[in-house]
Amino acid sequence: LDEKLGILIGTGQLNSSRRCVGDTYPVSRLGIPALCLNDGPAGLRLSKGVTGFPTGINAAATFSRRLMFERGKAMGEEFRGKGVHVFLGPALDIMRNPKAGRAWESFGADPYLNGEGAYFTIQGVQSVGVQACMKHLIANNQEHWRYGLTADVDDRTLRELYWYPFERGIEAGVTSVMCAYNRFNGTSSCHNAGLLGQDGILRKSGFRGYVVSDWGATHDSADDNANSGLDMEQPGDWIVIAFGGGNLKSAVKNGDVSQDRLNEMVSRVLAGWLKLGQDQGYPPVNFDSQKPDGSGPRNLNINVRSDEHTALVREIASASAVLLKNAPSTGPNGVKRGLPMDFSQIRSLAIIGQDAGMPNQDCGDLNECNDGTMSIGWGSGSNSLEFIVPPSDAIQSEVNKVNAAGGGLGGQNVTIAKSMSNDLGNGPNAAKGKDVAFVFVNAMSGELGFYTIVVGNMGDRNDLTLWWNGQDLVTKVAAVCSNTIVVVHSVGPVYMPWNTNPNVTAIIYAGAPGEQTGPSIVDVITGRYNPRGRLPFSVADSEAAYGTSIVYNSLGFPEIDYTEKLSIDYRYMDANNFTPRYEFGYGLSYTTFGYSALSLSKISPGPVAATSPTATAVTLSFTIKNTGSVTGTEIAQIYLSFPGSAGEPKMVLRGFEEVGELAPGEERIVQTSLNARDLSVWDVPSQSWQQPSGTFTLYVGASIKDIRLSTVF
């Protein structure tokens, strides 16, 4: 009995022998080690010698299943190299509201995009023998009041929106899932039988792994949690205890939890360990999360980084950079304005903004500050800044190469003026008279934790404005420099009223790109990497355009009713006539693409969604041609409009394809398909996917507002 309990109960947050964020107890006589569970969804936390990967929101902005998989695989390799059995990710918390503190850990505002991010991340992580743990089940969509709020979500909205990424995770073969702090429809997520139980949505959808609590999310008794479907409690002490403290042992001895149920819990945990071959030659844990500085005898300081991982991080950061505006022209001094930029064809430049510089490396274990370049948010989803290369260093390096090779325009060395703060006097002074001014601005958010406050923001952002007077900085610099290029590092949408300023010649939304933030943005600026990123959310001019809100103030834990149902982000804007400044799926390139020859080659003979939701229903093909002058990649997106009687949003994302690299004049036929579930709605009475009868419209385009082809069936 004690051995079984040790597999199900964490060793304790306050236990000095703990190696990882979460540990279990070993069963040495059977060769079962202590299982190591560790953050985070963008790279290993609390250890030296690891890579700081791009965030989930940046992986989403690539619209690339290939890069989602490779990112997952590379992270898995580093977790395995450190001896971690369970990767605590991916996060699948849809961006219901753009201010949500941890939305950047996930894959944006659309369920289909989140689902693809879930599937390919999990496949990548588990391909190298590391267990993935998808989280946070479910409706974990704000940080304020997260420890006890109730998210009230109707069944259809749950299935089509918030549950969908988890369903894709199950299809990917995920070994574990983490239940959330919040209550769902009035019941704590970790003892919610409707979610976790044998007849709950998780098991009925085919999940065969184990359920682990978020750290301190077990709000109820041992038997309540165990009998409702929770299999493992972490960390085992700390905030609240259900299984720990002898509680589960007493419940088993008293018969409140049966031996059959206990054995099932243990079997589920061990099954994940065995499924991925972790019983054969798996590396032992070689770091100590309680000493993230690398000190102490338990830190072997094994470096799991590689040149391949660094190159991948740089590629993903570049591929996720979204070119929002580009107005190339030639200025009166003969210098080309806008992008791409040849540094050998300018005389001078300015680097402006706190966000361009090296971040503070002493912000605690959770990265709880924002006083340099913003590569990731704060909280348990943060990652290592040990090897970060800030934009200022990367631009300086580029200029040094140009000067060493003979200088810039006119054969003179390119000069750099820097104002590494958001001072509204120094920044414009540095920009005055320069051929180009790069302005770096940001907005950050993170995890609530122990009610952490960063620059007045408690997890969730207070608003959608840029931090540190970023908006005023852009405006004042643009007033004195007619070639102002703005780079936005942000966890989500921000207001951009300055985007129409003619002196702002280019805008790049770079998100939270990880440690290679500087080199990757220089690759895009110079054109060595042709931008192809797309927005995984909409950028609007008001919070009202998103149709939801964050509950900041409440007399006790609030009840949040998801009255918007299926209509969030672009779906809400379409339904309520809000025109976004930049729409979902938007992103420019240095070349142009033409779309043609859309055809449907197969339509399923009848509705099969109820019995075979992943069966192919429609196959389609179309042609993409590079009609511009440089090689590039196009992200073709597929949207669907349902028959009016279906009650669906006006248009929904149902596919995307990464089409590249295409040389100028080259064209390629793209073939893809939609499955039965893609054409279906969740029917509550029958508890199944049902295809509505009537006329569907299928759209293919470069964003939801840039439709190039369409057909009906």
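Quick note: numbers below take in every heavy atom, side chains included, and nothing from hydrogens, waters or symmetry partners.
- No side-chain N or O of His489 forms a donor-acceptor pair with one of Ser375 less than 3.5 Å apart.
- For Arg19 and Phe287, the positive end is not near the middle of the six-membered ring at less than 6.0 Å and at most 45° from its axis.
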Worked check of side-chain hydrogen bond (donor to acceptor under 3.5 Å, both in side chains) between Ser221 and Asp223: CA-CA 6 Å; Ser221 67; Asp223 56 299; 2.9 Å; yes
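- Salt bridge Glu78/Arg305: absent, no basic N to carboxylate O contact under 4.0 Å.
- A side-chain N or O of Asp220 and one of His191 form a donor-acceptor pair less than 3.5 Å apart.
- Using modelled atom types and a 3.5 Å distance limit, the side chains of Asn442 and Asn370 yield a donor-acceptor pair.
- Relative to the ring axis of Phe53, Arg71 does not place its NZ or CZ within 45° and under 6.0 Å from the centre.
- In this model, a donor atom of one side chain and an acceptor atom of the other lie less than 3.5 Å apart for Asn141 and Tyr562.
- A donor-acceptor contact closer than 3.5 angstrom is absent between the side chains of Gln234 and Gln13.
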task: Before giving the answer on side chain to side chain contact (heavy atoms under 4.5 Å, CB included), spell out for Arg18 and Ser289 the whole-Å C-alpha distance, their side-chain angles and the decisive distance to 0.1 Å.
output: CA-CA 8 Å; Arg18 174 177 58 83; Ser289 69; 3.2 Å; yes
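- Looking at Glu233 and Thr218, their side chains do bring a donor and an acceptor atom within 3.5 Å of each other.
- Side chains of Asp307 and Thr310: no donor on one and acceptor on the other come within 3.5 Å.
- Looking at Glu515 and Arg314, no side-chain N of the basic residue comes within less than 4.0 Å of a carboxylate O on the acidic one, giving no salt bridge.
- Between Arg102 and Ser380, the side chains place a donor N or O and an acceptor N or O closer than 3.5 Å (distance only, hydrogens not considered).
- By the 30° and 60° cut-offs, the orientation of the rings of Trp467 relative to Trp378 is tilted.
- Using the six-membered ring where Trp is involved, Tyr181 and His219 have ring planes that are tilted, between 30° and 60° apart.
- Under a 4.0 Å N-O distance rule, the pair Asp93/Lys135 does not qualify as a salt bridge.
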- prompt: Which is it for Ile201 and Ile138 under the side chain to side chain contact (heavy atoms under 4.5 Å, CB included) test, yes or no, and what are the steps along the way?
  reply: CA-CA 11 Å; Ile201 183 173; Ile138 199 165; over 6 Å; no
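- No side-chain heavy atom of Lys4 sits less than 4.5 Å from a side-chain heavy atom of Val27.
- A salt bridge is absent between Arg65 and Glu70: the closest approach of a Lys/Arg side-chain nitrogen to an acidic carboxylate oxygen does not fall below 4.0 angstrom.
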